[in-house]
Amino acid sequence: MTASTSDIDKAAGLLRAGRLVAFPTETVYGLGANAEDAAAVGRVYQAKGRPSSHPLIVHLGGAGQLGDWVEDVPETARLLAERFWPGPLTLVLRRARRVPLEATGGLETVAVRVPDHPVALALLSAFGGGVVAPSANRFGSVSPTTAEHVRTELGDAVDFVLDGGPCHVGVESTIVDVTGDEPSVLRPGGVTREDLEAVLQRPLAVPTTSHIRVPGQHPSHYAPRARVVLVEPEKVVTEAELAGEQGHRVGVLLPPAASDGPVNAHAVVEIPGSMAAYARSLYGFLRELDQRGCDLIVASLPPEEGLGLAIANRLRRAAGPRAD
């Protein structure tokens, strides 16, 4: 924890005044505002360039506050909160009246979580309420995992940045819908499907579409400036070198053992063998390849199990169709 007590108190005061504060969580840095202040919530959307129909996640200081923010807490939600909070798990439930529709994208459901980061928890304790906090970046772009990422991308659009060092999970929270009889994973993230299933003692669906809107569902999301192309792991080097011959400044996310020699590309980043290390570094890798002037990134999907499912989800969104 690097933010001082005076920094925490200053940030809490700014939140009470309706201002925007960026702060670290274990997943990514969030752009925070008072969840009960509709005008402040509106400023979050404006700063990010985020459509107002995209709901935000309300961050709480502890699981004991859950009943104050949702209409009902089913047993499934209690089990998951008890096991995974604080942590990278977001639960979707029926909203309580205190949650403005501006924070839910107009939906009658609300997404809530308790972050596992000492700076975030200290801020939430000092503030004493709920804080909406989508990732502190422009809508659709690569999420920030350091304070410097936030400053570079949002600049004066954020009133204060709390620096808590690099995020140790690196991909956003898992979002689970617990509004019905059958819970489902709406966004893979820092808590794996396998861990969720072990607690609930049942298989969980991971639908590609849902009637409940949640963060990260846009066709192009988590995207660097460079275009991302996904191929099979054994084809990464060939595809990269072919694109280079066609005049592209190619960046490569090189899987382990994909090549036993140098790769002819503008920039190469070697992926760690550990999925936890890859998740922690993914957004930093994408930013690095942008900064090195790449206009195309060649990557492959990891095995879609454990944290590999979350990484694959982010890479698919990064490679999704974009307006340009």
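Along the sequence shown, the residues carry numbers beginning at 1. Predicted, not measured: the structure shown is a model, and the values here were computed from it.
Using a 4.5 Å heavy-atom threshold, the side chains of Val161 and Leu154 count as separate. For the pair Leu186 and Thr90, the minimum side-chain heavy-atom distance is 4.5 Å or more. No side-chain heavy atom of Val70 sits under 4.5 Å from any side-chain heavy atom of Arg94.
For CZ of Arg19, the number of neighbouring non-hydrogen atoms (other residues, nucleotides, ligands) closer than 6.0 Å is 12 at most. For CD of Glu82, the number of neighbouring non-hydrogen atoms (other residues, nucleotides, ligands) closer than 6.0 Å is 12 at most. Crowding of Glu270 atom CD: a count of heavy atoms from other residues, nucleotides or ligands under 6.0 Å not exceeding 12. Residue-environment remark: CD (Glu108) exceeds the threshold of 12 foreign heavy atoms within 6.0 Å.
Donor-acceptor pairing under 3.5 Å is lacking for the side chains of Ser173 and Thr27. Between the side chains of Ser135 and Glu172, no donor-acceptor pair is found at a separation under 3.5 Å.
Here the CD atom belonging to Glu36 is positioned 4.0 Å from the CH2 atom belonging to Trp69, to the nearest 0.5 angstrom. Separation of atoms CG (Asp290) and CD1 (Ile297) is listed at 5.5 Å; rounding is to 0.5 Å. For the atom pair OG1 (Thr145) and OH (Tyr283), the distance works out to 9.5 Å, reported to the nearest 0.5 Å. Atom CG of residue Leu307 and atom OH of residue Tyr278 lie 12.5 Å apart, to the nearest 0.5 angstrom.
With respect to Pro86, the side-chain contact (heavy atoms from CB on, under 4.5 Å) criterion is satisfied by exactly one of Leu60, Asp116, Thr25: Asp116. When Val176, Ile175, Thr174, Asp177 are each tested for a side-chain contact (heavy atoms from CB on, under 4.5 Å) with Arg187, only one passes: Ile175. Checked options Arg287, Arg138, Arg225, Lys48; the residue passing with Glu153 is Arg287 (criterion: salt bridge (Lys or Arg N to Asp or Glu O under 4.0 Å)).
A salt bridge links Arg113 with Glu26; the closest basic N to acidic carboxylate O contact falls under 4.0 Å. Here Arg98 does not pair with Glu71 in a salt bridge; the nearest charged N to carboxylate O distance is not below 4.0 Å.
Under the 4.5 Å side-chain heavy-atom criterion for Ile, Leu, Val, Met, Phe, Trp and Tyr, Leu315 and Val206 are members of distinct hydrophobic clusters.
Listed for the Thr104 side chain is a donor-acceptor partner under 3.5 Å among the backbone atoms of Leu101. Proximity of a side-chain donor or acceptor of Glu102 to a complementary backbone N or O of Ala38 within less than 3.5 Å is not detected. For Asp159 (side chain) and Leu20 (main-chain N/O), a donor-acceptor pair under 3.5 Å exists by modelled atom type. The backbone N or O of Val119 lies less than 3.5 Å from a partner atom in the side chain of His117, making a donor-acceptor pair.
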Any chance you could lay out the ring pair (Phe, Tyr, Trp, His ring centres under 6.0 Å) test for Phe139 and His54, step after step, and finish with the verdict? CA-CA 10 Å; Phe139 179 71; His54 285 239; 5.1 Å; yes

